[in-house]
Amino acid sequence: MIKVDVKGCESFVDSAKYQDYVNKAFEAFDTLKDETGAGNDFLGWKKLPRQITERELRDYEAIRDKWIRKGVDLVIAIGIGGSYLGAKCVMEALSHNFAKQLKRKDAPEVIFAGNNLSEEYLAEMMDLAQERNVACIVISKSGTTTEPAVAFRIVKQYLEARYGKAEASDRIVAITDAKKGALKTLATQENYESFVVPDNVGGRFSVLTPVGLLPICVAGFDIHALVAGALDAMKGLEIKSERNPAVIYAAMRNLLHAEYGFGTEILVNYNPKLTYVAEWWKQLYGESEGKDGKGIFPASVNNTADLHSMGQFIQEGSRVMFETVLHVERAQRSVVIESDNQNLDQLNFLAGKHVEHCNHMAELGTRLAHIDGGVPQMQVSMEKVDAFNIGGLLYFFEFACGISAYILGVNPFNQPGVEAYKKNMFALLNKPGYEEATAALKARL
Ligand code: PA5
């Protein structure tokens, strides 16, 4: 179960004001539960942990097994934003840190494309494809996003040239809308095995749909435990209570922001496996809350590395941020620091201690120092980094995001601002229909 501790904020806030924000969180909780708020046609994600069936999970496993039988050892997962970050964050969290170097091959290696427009990236990815046995999962809910469409055109043409059209079709799975979009048309025409992104689930809330589950499964991770962890978290989060971790988190972050002017939240981790949890979280909160001139800017640091870069600023720079520390209660591997007769490095005071103990002391010491430096601290705790706990953590952040955005007074489930850059890009690329915008932009250059 995810726990939230806000003791590190107590010296910064008035307790009566905190209670006001708990009450606001209760109102937002009801809005989310009763589905009466803005964007209420995008609340399908709430029920996913209960709705996912064994049959659905077995369908994903069947694709993985089919590709393994063909000898596939590289799967290119194409997608951007919510069609990329959920799968990436779970895979990074659950992978051995040195899986690539150890060349463990229980399942195909999954790499990502369509999340940038770098020509070098695509060219170098094709260098890798050349040496491997390749399949592809292409993901776009709208089916019209440019970055994945460009990557897919290149990968599709490559697979067809290398394996022939029929075999290429057997090595491509499409995940998109049930009815509309270019990818839907293409998948139907080319007879690709396809999965649907439910209408009522937005991209950044889609990790527990085929969007996240299929790539995670193909990469060999335990999607049953991931969903079980989300379900376990869901059962606790559905209870309206002052102890509900989503209520506490949403109330405190809004209080710090609205009443005390802290405009940036830094998600802090002390385990490199959690780096992409922060990337996923930044999208979830950034896209859900950053609109109508409102929102808390989501940032992240990876400690202890970043204590030697960003640590100075966080300790003594402009006082604009609070921190939310992802605390992992226990490591799953053991490395003990042994005594050394010579003690030239003067580390014998650590003899007999686990490295994770030192990590926890670094974390605790940093939290206390940052409180002294004027940075409020929240702590989100999980037992360990495994599929069950990651499933719970992701569901917790989604649920808290719904409550938090309703306290803030925005629609958490749209992203109108994402269109602005696309319009300019299309105009600059001379896309038909954008002639007026092209002329207007060129006049500014
Ligand atoms: O959360 C969102 O809705 C967005 O980040 C989308 O996931 C992203 O823009 C990709 O969209 P699509 O899946 O339609 O290609």
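No side-chain donor from either of T146 and K422 sits under 3.5 Å from a side-chain acceptor of the other. A donor and an acceptor atom, one from each side chain of E289 and S404, are located under 3.5 Å apart. Under the 3.5 Å distance criterion, with hydrogens and angles disregarded, no donor-acceptor pair is assigned to the side chains of Q101 and H96. Checking R64 against Y60 by side-chain atom types alone, no donor-acceptor pair falls below 3.5 Å. The closest side-chain donor-acceptor pair between Q379 and S381 falls under 3.5 angstrom. Side-chain N/O atoms of R171 and N133 include a donor and acceptor closer than 3.5 Å. N389 and D386 share a donor-acceptor pair across their side chains, judged by distance under 3.5 Å alone. At a cut-off of 3.5 Å, with distance as the only test, a side-chain donor of K291 or N414 sits close to an acceptor on the other residue. Between the side chains of Y121 and N116, no donor-acceptor pair is found at a separation under 3.5 Å. Q283 and E279 share no side-chain donor-acceptor pair at under 3.5 Å. Y270 and N359 form no side-chain donor-acceptor contact under 3.5 Å, judged by distance and modelled atom types alone.
Atom CD of Q332 has more than 12 neighbouring heavy atoms from other residues, nucleotides or ligands inside a 6.0 Å radius. Atom NZ of K273 has more than 12 heavy atoms from other residues, nucleotides or ligands within 6.0 Å. Counting non-hydrogen atoms of other residues, nucleotides and ligands closer than 6.0 Å to OH of Y421 gives a total above 12. Remark: R153 CZ is loosely packed, at most 12 non-hydrogen atoms of other residues, nucleotides or ligands lying under 6.0 Å away.
Heavy-atom minimum distance, Y285 versus C401: OH-N, 3.1 Å. Shortest non-hydrogen contact noted between I78 and G114 is CG2-CA, 4.2 Å. The minimum heavy-atom distance linking K294 with G409 is given by the pair NZ-O, 3.4 Å. For the residue pair L441 and A427, the shortest heavy atom distance occurs at CD1-CB, 3.8 Å.
Salt-bridge check for K282 with E265: failed, with every basic side-chain N at 4.0 Å or more from each acidic carboxylate O. Remark: E167 does not engage R162 in a salt bridge, criterion side-chain N to carboxylate O under 4.0 Å.
Put simply, the residue from R50, K46, K47 that forms a salt bridge (Lys or Arg N to Asp or Glu O under 4.0 Å) with E238 is R50.
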What's the verdict on ring-ring contact (aromatic ring centres under 6.0 Å, His included) for F29 and Y406, showing C-alpha distance, side-chain angles and the deciding distance?
-> CA-CA 8 Å; F29 180 99; Y406 282 147; over 10 Å; no
Would you sort out whether H224 and E61 count as a side-chain hydrogen bond (donor to acceptor under 3.5 Å, both in side chains), showing the intermediate values?
-> CA-CA 11 Å; H224 299 264; E61 287 166 346; 2.8 Å; yes
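Distance check: E193 CD to K66 NZ gives 5.0 Å after rounding to the nearest 0.5 Å. Here the CG atom belonging to N244 is positioned 12.0 Å from the CD1 atom belonging to I2, to the nearest 0.5 angstrom.
Using cut-offs of 30° and 60° for the angle between ring planes, the F396 and Y249 rings count as tilted. Under the 30°/60° scheme for interplanar angles, the aromatic rings of F397 and W280 are found to be tilted. Relative ring orientation between F413 and W45 is described as tilted, the plane-to-plane angle lying within the 30° to 60° band.
Sorted by first and then second residue, the side-chain hydrogen bond (donor to acceptor under 3.5 Å, both in side chains) pairs with a member in residues 423-434 form an empty list; sequence neighbours excluded. Under the side-chain hydrogen bond (donor to acceptor under 3.5 Å, both in side chains) criterion, the residue pairs touching residues 194-221 are R204-E287, R204-S288, R204-Q415, with sequence neighbours excluded.
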With a cut-off of 3.5 Å and sequence neighbours excluded, list every side-chain donor-acceptor pair involving residues 177-185.
from	atom 1	to	atom 2	distance (Å)
D177	OD1	K180	NZ	3.3
D177	OD2	K179	N	2.8
D177	OD2	K180	N	2.8
T185	OG1	G181	O	3.1

